[in-house]
Structure formats: C-alpha cells, structure tokens
Amino acid sequence: MSAILIGTGEFSGAVWRRTWHPRVRTGSSPDATPRKARILSDWSSCLRAIAQKRDREAFVLLFGHFAPRLKGFFLRGGAGNGLAEDLAQETMLMVWRKAAMFDPERAQASTWIFTIARNLRIDAKRRERDPNLLAEFFEGVAEPTPSDQLVSAERCEALHRAIRELPPDQAEAIRLAFFEDRPHSEIATALGLPLGTVKSRVRLAMTRLRALVEERQ
Amino acid sequence: MIQHHPEPYLLAAYAGGSLPRGAALIVACHLEACVLCRQESGLWNCAGGALLEDVAPAPMSAGALAQMLARLDEDEPQRPAPPSFLSRFGIPEALAAQKIGRRRFVTPSIWFAPVEAPGEVKRGAARTYLVYAKADTVLAEHSHRGREFTHVISGAFSDGTGTYRAGDFALTDDTVHHAPGVTQDGECLCLISAEAPMRLKSFPARLVQAVTGSQY
Ligand SMILES: [Zn+2]
C-alpha cells in the first residue's frame, strides 16, 4: 500500500518540517467545473454515487476538483511536492473507500474530505519523525470517525461565507491554526506576538465565526 | 457529566491537524464523549473545509489519476480487532482503530498497554499507552517532562487539581506535581499520551515505586 510513498524518497529526515514554506504559491491549474459536476449539482451527490454505485465517473470528478486542492493543503503544511501528492492520493483513496460513512445531512463534502486529509497529516508527521515506520504508513488514525461530522451542511455553508468576510487578521488566525504545521508558540515567535495573543486571536476568530453563523440562522 | 474539556486552542489545533498524533488521539476520544466540544470542533472542521476549497490548487502530476484509478480495487486493509482484555470496557472508536499492544501487569492491580506502532514499542519508547488501576490505588507524587494528555475511558481518578471521570480530558505539564489516585468507587482505565517518550523499561519500575509509595 505504501509502495508509491517509499518511491518518492520524500521521507528522509525532517523534510516535513524543514521545507516549511509560509506562502506556497503554485502555478495556475485546470480548474473548470466539470459539466457532470454541475449536473450532479454538488460534491455530496458525487460521494453518494460512489457510496451507492461505486461510480467511478463521479470519483474522477471529485478527484479533478479535490486532489489539486488537497495537494495544495499538504504543501502549505510543509510537505514536499512528492509527499503532498501521495497524501492527496491517499486522501482520495480513503474517500473512495469510506464514502458510505459520509452523511450529507450532517456535513459538507469539503468538510468531510478535509477531516480525512487532516487525519492523514497527523499520521504523516509521526512517520516523518521515524522513517522506519514507513511500512505501516496509512493505518489507524486516518479513518474518519462519526465525531468528525456534526455541523449541518447549511450551517457549514453559512460558516464558509462568514470566513470569507472575516477581517484579515482574524482570517489569518484561522489559517494559522489550520495550515501552518507549527506549535502555537512558534507561530507566536514568527509573528512577534506573545503566545497568549496568538491563543486569544484563535479564540476571537472562533467566537466571531460562531456569531456569524448564528446571525444567519 | 463531563467537566474537564480541552481548551479551545487545542480543539483548533486538533481540527487543523497540528497536534501530535497521541494528543490528537486523546482529543478524538474526548470528542466522541463530549457533545459540547464536538460542536466546537465541528465548526473548525467546517472552517477547514472552506479553507480547503480556497487553497491554491497544486496541479497533480500527469499520471496521478490513472495511478489512482488503478488502486481503487485494492483490498482495503482490515483494522485489527481490539484485544480481548478491553472487551468489557466501552472503548472509543478512535482508540479501537489503533494497534494496541499486549498488556503488562506491574502489580496484580495495575497494568498498562502501549497504543503505538510496534516499531516504537520495540525500541522501548512509548508515548501513548493505556493504564488500568483498581480502586484505591494511589500513585506516588511525581512531575512530568513535557505535556501529558489524558482521557478517562472508565472510572475516575483524583489529584490536587480535581476529580476526572469517564469522558474527561486532562492536560498536565512540567509545572504540575501530583499524586493521582483512583477513587474508591471502582477501577480506572485511562488513555495517556506524553510528549516526552516514556521508557518502557523504567515504566514498570516507576509504577511499582508509585504503588509502594516511594519517591522518585
Ligand atoms: Zn468537551
């Protein structure tokens, strides 16, 4: 299962941390919404088609949309190009296998896929510390659990809109909490802020998000 | 009723994937037990979904899709069944998905079992482990190297900072000196993850000392 991963050679030493780039910018990518996606109307329908009919066409659509974003997510977390691509693939393989666990009433497709990617990232960091564990790469923690789905799709959509309207410093606090694979103490150093300030910004951003979601209901 | 929760910044770090694996496992177990924190982290997950939609896409390599499609029919790895010594406890899903090693009795009333990839256990270092103790067991006063995350699976323990019951989350750091004790009403099973690796060789000794009450 991990043959591809071993082949990349990305996992030597502390590559994951040391190649951390705060602003990974990649070239433009083909990102037109496929026609069938519009017919299926949303990514949740693709997931349902995979769960019910093992629909490969739906999977190809999902892959086209999410794989480059997942790769972007892992790159931003500090993974090298090869590892980011492998992790994007592993995430999509998990999406294929676990699609039946996705409940469109309780989560948005992008949220559900994000939680899988997040779990893989947690696992990948551990392997990075210890290359001898490669053979057991994607096991265990990466499985989606029911606790990852709780907020309704509508509420989540409201939140998505809210995030896009946040003041820049609060949006940055959220991005830091998510994409920067560093402890809060390091973030504090990088920003020249006391640790308490970083923690309270994350807290403030959370409060603001919650308020925005509630306003819209 | 759950009384001890992870701080909001820990939930954010968990949702974003920046907690160490063991700590993430502890938080995941807490989330299964705690609807309050589940709601909070659900919002963070949504935020993650939004950021995933908005992140700059990075083109996949030319053969990526073909490679992916070829893998769809691969057999799915089976998750190992949890060991039978845990069958009488209701263990969280997130823990059931892990590899749990053999339990080792330190005394007739205390055992521990590593929750870690075998490679890590073999080299004698475990960061994450289950600890079980019967009622009325008191550990010697001790302090911690680095942070230590705890999830109470069953029963309860107390120390100077409070009583922790099933579902509760506890975080101690190197400023905490405590002598945790299992309460009288029953046994206690905890999942613990320490930032500094716990040496398995010294672990039993430490607990024996703890049980006999000698300082270390
Ligand atoms: Zn809680």
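Letters A, B, ... are given to chains in the order of the sequence lines, protein chains preceding strands, and every chain is numbered from 1. Worth saying up front: this structure is predicted, and the values here are computed from it rather than measured.
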Find the one option among B:Leu72, B:Asp75, B:Leu11 whose heavy-atom pairs under 4.5 Å with chain A are most numerous. B:Leu72

When you look at B:Leu51 and A:Phe73, which way does the side-chain contact (heavy atoms from CB on, under 4.5 Å) test go after all the steps? CA-CA 9 Å; B:Leu51 295 171; A:Phe73 164 72; over 6 Å; no

Atom pair CH2/OG1 of B:Trp44 and A:Thr111 - distance to nearest 0.5 Å: 13.5 Å

Test log, rule side-chain contact (heavy atoms from CB on, under 4.5 Å), inputs B:Ser61 and A:Glu85: CA-CA 8 Å; B:Ser61 61; A:Glu85 180 142 341; 2.4 Å; yes

A:Arg118 vs B:Asn45, side-chain contact (heavy atoms from CB on, under 4.5 Å): CA-CA, chis, key distance, verdict: CA-CA 9 Å; A:Arg118 180 269 316 281; B:Asn45 287 340; 3.2 Å; yes

Of the non-hydrogen atoms in B:Ala58 and A:Gly72, which two are nearest, and what is the gap between them? CB-N, 4.0 Å

Measuring only between side-chain heavy atoms, which start at C-beta, is A:Lys98 closer than 4.5 Å to B:Glu76? yes

Side-chain contact test, heavy atoms from C-beta onward, threshold under 4.5 Å: evaluate it for B:Leu52 versus A:Phe66 and give yes or no. yes

Please classify the contact of B:Leu95 with chain A as side chain, backbone, both or neither, using a heavy-atom distance under 4.5 Å. neither

Let's go through B:Leu69 and A:Val60 carefully: what are the C-alpha distance in whole Å and the side-chain angles of both, what is the deciding distance for side-chain contact (heavy atoms from CB on, under 4.5 Å) to 0.1 Å, and is it a yes or a no? CA-CA 8 Å; B:Leu69 291 174; A:Val60 170; 4.1 Å; yes

Does the distance from a Lys or Arg side-chain N to an Asp or Glu carboxylate O, for B:Asp73 and A:Arg56, drop under 4.0 Å? yes

So CD of B:Gln67 and CD of A:Gln89: to nearest 0.5 Å the spacing works out to 5.0 Å

Would you check if B:Glu53 and A:Phe114 make a side-chain contact, meaning some heavy-atom pair closer than 4.5 Å? no

Give a yes or no answer on whether the side chain of A:Lys71 reaches the backbone of B:Pro57 with a donor-acceptor pair at less than 3.5 Å. no

With the side chain counted from C-beta on, respond yes when B:Arg71 and A:Trp96 share a heavy-atom pair under 4.5 Å apart, and no when they do not. no

